[in-house]
Structures are given as structure tokens and as C-alpha cells.
Protein chains: 2
Amino acid sequence: MSGKRSLIRSGTTVDQMVRAIGDRIVTGFLRPGEKLDEASLAARFDVSRTPVREALGRLSAMGLVERRPNRGATVAVVTQEHLASMFESMAELEAICARFSAERMTAGERRALEIEHQASARLVQLAAEEDYEYFNTEFHTRLYRGAHSKHIYELTVMTRSRLAPFRRAQFMLPGRLAKSWQEHDVIVTAIMRGDSAAAGKAAKDHVSIVSEASAVFAAVDPRKPATEAIGMSS
Amino acid sequence: MSGKRSLIRSGTTVDQMVRAIGDRIVTGFLRPGEKLDEASLAARFDVSRTPVREALGRLSAMGLVERRPNRGATVAVVTQEHLASMFESMAELEAICARFSAERMTAGERRALEIEHQASARLVQLAAEEDYEYFNTEFHTRLYRGAHSKHIYELTVMTRSRLAPFRRAQFMLPGRLAKSWQEHDVIVTAIMRGDSAAAGKAAKDHVSIVSEASAVFAAVDPRKPATEAIGMSS
DNA sequence: CGAAAGGCAATTGCATACACTTTTTGCCTT
DNA sequence: AAGGCAAAAAGTGTATGCAATTGCCTTTCG
């Protein structure tokens, strides 16, 4: 417990813990309501309780875990109402980002957005869900940045990360890929011609649809068989 | 350092620290950019470094302090751009709350909103800035709650608390009180007749005006003479 | 037989000690 | 005299130990 932990990649130990535990929550490996025992986690990751506590604190701030004084931490339980509330917020936030992007994006940002978007069309034809997911995230991040408002960006990214556990399976639905791309296309077109109202509406509708698509999977709670051993990976 | 700390009011030690340090930042007692030394804080509040670290972590999550690995914590420095971004976000968020409130408030909530609002008219005539400030906060909180969306509520309250240091002096401007009440009146009227678009616009404009009023005071950074001794109070 | 009270085990909260990183300071070299 | 390097000092990150709170189990009394 005192020797150097082997080949630690980046950041402080706490960062590792946050990623490690956060991943397991986001991927449903740790189930909502599950108790997160400090000592156990410390033993699992071969660190002391101190960084574990700090990691739990951060995860709590992120809304991934709930903490009650003297009663330990548990994986956050998200009610159906709260989930709906988050998706709703997400739709509004994305709408704001799209509106602002339509008004404020630089010529360079607009070009980059369009190029990336067109490039991703190929992935739709190949039905490359994994890769498309990556481009999808990129696409939305461009919108958030394009708003040129640091605080909006923060709120949006935060909300997105909270929703992550419930968005995993959205592209599994048949035909969702092509539909997603077309919705993106509407947004891009509106942004390119600087039509903020249209961009906002398109973005809002887009998220609303994702929300409905995800609702299916939210009904069944996001858990998995989960037998794999725990260790620090990403 | 080991004896019971006298008559601690509520919550854990960390909560006390968060309130204590947070207050001093929000009130400008601790200045932006000022270094927050763990050992010094621990000594000042007569606790060990452990709760101080946790408190700084939470304050960092709130955006009140900035933390860089191995380099300690400082009171968050808010640039003019970031401040503008926060006010802008606030305007958008309040607009959302007002829109939702117009659509979703129960009859009881609407009644309470109107009654409170009418009652506060008296404070305007008395030019009771302090009391009006209290009602003002109440009023806006009602809007946030009326949206019936937990997540929007959280985002809005969070943003408001971050803006707190820069809003203190807004009612010092002559005539601001009456103007504020009239703007509230427009919002209330719109909500009462369920006109979400009008409510949203009115709320947005209201915040925008507050933003401009506050900008004057943001130029001079929010510091005070600050000679009072430090200790845990609220 | 049930309920309440008290004690015991488990777990969290805080304190202290140690290790590692960053920064400062003073000396040496150019 | 100025710049750079090295060692020490300061400060953060982590580990460990102790105190305090919580929840459960047992025991006892109605």
C-alpha cells in the first residue's frame, strides 16, 4: 500500500478514481442505489480512503452519486421525473447553443462544422454506430463551443454528462442513425444561413427525439450482468 | 486542536467551512485571485487540513474557487467576458423558468406569486432596499420552482449563486427599485394569463437590465475594506 | 410475545504524519 | 552584475489512526 502504483497515466490519483468510478456508474456497471463503501473502494483501487473520499465528493458534485452525512455514498438514483427534467433542460440548452451559434460562430467554425457534418454522412451509410457516436459527440460539442459563452458551455456539458448513462443505447434503434444525421442537417443549414430561431427549434426537436428514443431504455434501468473485475482502466 | 469546537450549529464541519469561506468570497471579503492556503485556513478555523481540503473541493465545484493540481486554490477570478456570459445564461435560464411557470404553475402557486408580488409594492414606496432584496430573491425563487423542473431549478440556482457577488449593489441605483417592481409586474401578468412567450421575454429583459445595472459595479472589483476578524458565523 | 432500550460492530468524519511537487532563495559561474 | 542551477523551504497529495455517529442485534421488561 506504500509502493508506487504502476504506470499511472495522467492527473492525480483522485482524477483516476473519478474517471474509474464515474465510468462504472455511467456504463451501468455500478447500479443506481448501490452503496459505495469507502474502504472497499480504497482496497479495490489500492489507494487509501482519502482520495476515495475526495473522488466521491466530486462525483457527488457531478450528480452521479448521492451522499448523506455519516451515512456514506450511493450511486445516484434518478427518478423518471428527474430524468425527464434533465432531457427537457438539455433540449432548452441545446436550443440556446444552436441559436447563439447561428449568430456568433466565426467563418472558420461554420466551415469546420459543415465539413465534419458532411464527412459523417459516410458513417451513416456504413452503419458505423460506434464511429457515428463519436462524431455525434463532436458535432454537439461544436455547437456548445460555437455559442461563445463559457457558462452556457459549462451548463450544457455538465447536463450532458449527467445524461450519459441514459443515452448509451440511442443509436441501437433501427434507422436512428440516418434520422439523426438528417436532424443535424437541418441544424447545420439553419446555422449556415444565420437563422437563429430555426437553428434553436431544430436543435430542441433533435434532443426531444433523442429523449424519446432513450426513454425506452430508461424504463429498464441501466444495469448489466457485471462480473468483470474492477481496476483502473481509462 | 482536539477539544470540541464550541456550539456548532448545523451540519458537518465541512458544511461550516463551505459556508464560512463561501460567504467571505461572495461578500468580497476574500478577493478574486487571492491565494487560499490550506494550512492558514485550517489554523484560522481551528480544524485540520482535511475538512479544509474538502470544503475547497466543494467551493471549486461551485465555481467560487479555482484549483490547480499541486498549486493550491485561489479565489476564482471572473473575467469580464465570463461575467457577461453568466448574466447572459441567467437571462436565458430565467426566461425558461418564466415560460414553464406560465404553463405549469398550479393555481396555488400563481396565487402565492401574485400575493407576494403585490405585497412587495409597499416596500418600493418605503424605499426599503434591504427588505425588497429579500422579496426579490423570493420572487425569483418562486419562478424557478414554478417551472416544475428539478434540473432547470438546479442550474438556475447554481448560476444565481455564482452571480451573487456581482449583484449586491444593484438596488443602490436610484429608481431601480420601482423599475424592478414594474418589470416583475409584467412577468406576473404574463404568467397569470398563461402567456409563456410573453413571460419568457419579460423575464429575459428583466435580467438583462439587472445585468447592465450590475456591470457598473463589476468594473470596480467587488472588494471591501475588510477589517473584521475571521470566525465561523453563519 | 412484542416493544423498547442498551450495547456492539461497522462505517464515516476528522486529525495527524509522511511523501512528493513546486517555488523560492542563495550561491556559483560566466 | 546577471543568469542559471541547486538545495531548502513551503505547500499540496496521500496514508493511517483515532473519535464519533449510525444501524443492528441482543436483552429485558411490560
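Naming: A, B, ... by sequence-line order, numbering from 1 per chain.
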Give me the distances for all protein-to-nucleotides 5-8 of chain C N/O pairs that come in under 3.5 Å?
none

Numerically ordered, the residues 52-78 of chain B set in heavy-atom contact under 4.0 Å with DNA chain C is Asn70(B), Arg71(B)
Pairing nucleotide - dT30(C), Watson-Crick or G-U, each distance under 3.5 Å | dA1(D)
Partners meeting ring-ring contact (aromatic ring centres under 6.0 Å, His included) with His82(B) (sequence neighbours left out) = none
Of all the nucleotides listed (dA17(C), dA15(D), dC18(D)), which has the minimum atom distance to the side chain of Arg49(A)?
-> dC18(D)
Spacing of Asp37(B) atom CG relative to dT22(C) atom P, expressed in whole Å | 17 Å
Who are the ring-ring contact (aromatic ring centres under 6.0 Å, His included) partners of His151(B), not counting sequence neighbours?
-> none
To the nearest Å, how far apart are Leu41(B) CG and dG11(D) C1'?
-> 13 Å
Measure from CE on Met17(A) to P on dG13(D) and round the result to the nearest Å.
-> 16 Å
Arg24(B) side chain reached by Val75(B) side chain, heavy atoms, under 4.5 Å = no
Is Glu103(B) salt-bridged to Arg99(B), going by a charged N under 4.0 Å from an acidic O?
-> no
Whichever of Ala39(B) and Thr50(B) has the more 5' nearest nucleotide on DNA chain D, that residue is Ala39(B)
How would you list, by chain and number, every residue that makes a side chain to side chain contact (heavy atoms under 4.5 Å, CB included) with Ala91(B), sequence neighbours excluded?
-> Lys204(B), Val207(B), Ser208(B)
Please state how far atom CD in Glu38(A) lies from atom P in dT21(D), giving the value in whole angstrom units.
-> 17 Å
Are side-chain heavy atoms of Val18(B) and Met62(B) found at a separation under 4.5 Å?
-> yes
Partners passing side chain to side chain contact (heavy atoms under 4.5 Å, CB included) against His148(B) (at least two apart in sequence or in another chain) | Arg104(B), Thr106(B), Glu109(B)
Indicate whether OP1 or OP2 belonging to dT14(D) is found under 4.0 Å from a side-chain N or O atom of Ser48(A).
-> no
When the ring planes of His140(A) and His184(A) are compared, do they come out parallel, tilted or perpendicular, using 30° and 60° as the limits?
-> perpendicular
Determine yes or no for a side-chain-to-main-chain donor-acceptor pair under 3.5 angstrom, with Arg58(B) supplying the side chain and Glu54(B) the backbone.
-> no
Taking only N and O in the side chain of Lys35(A), is any of them less than 4.0 Å away from OP1 or OP2 of dT22(D)?
-> no
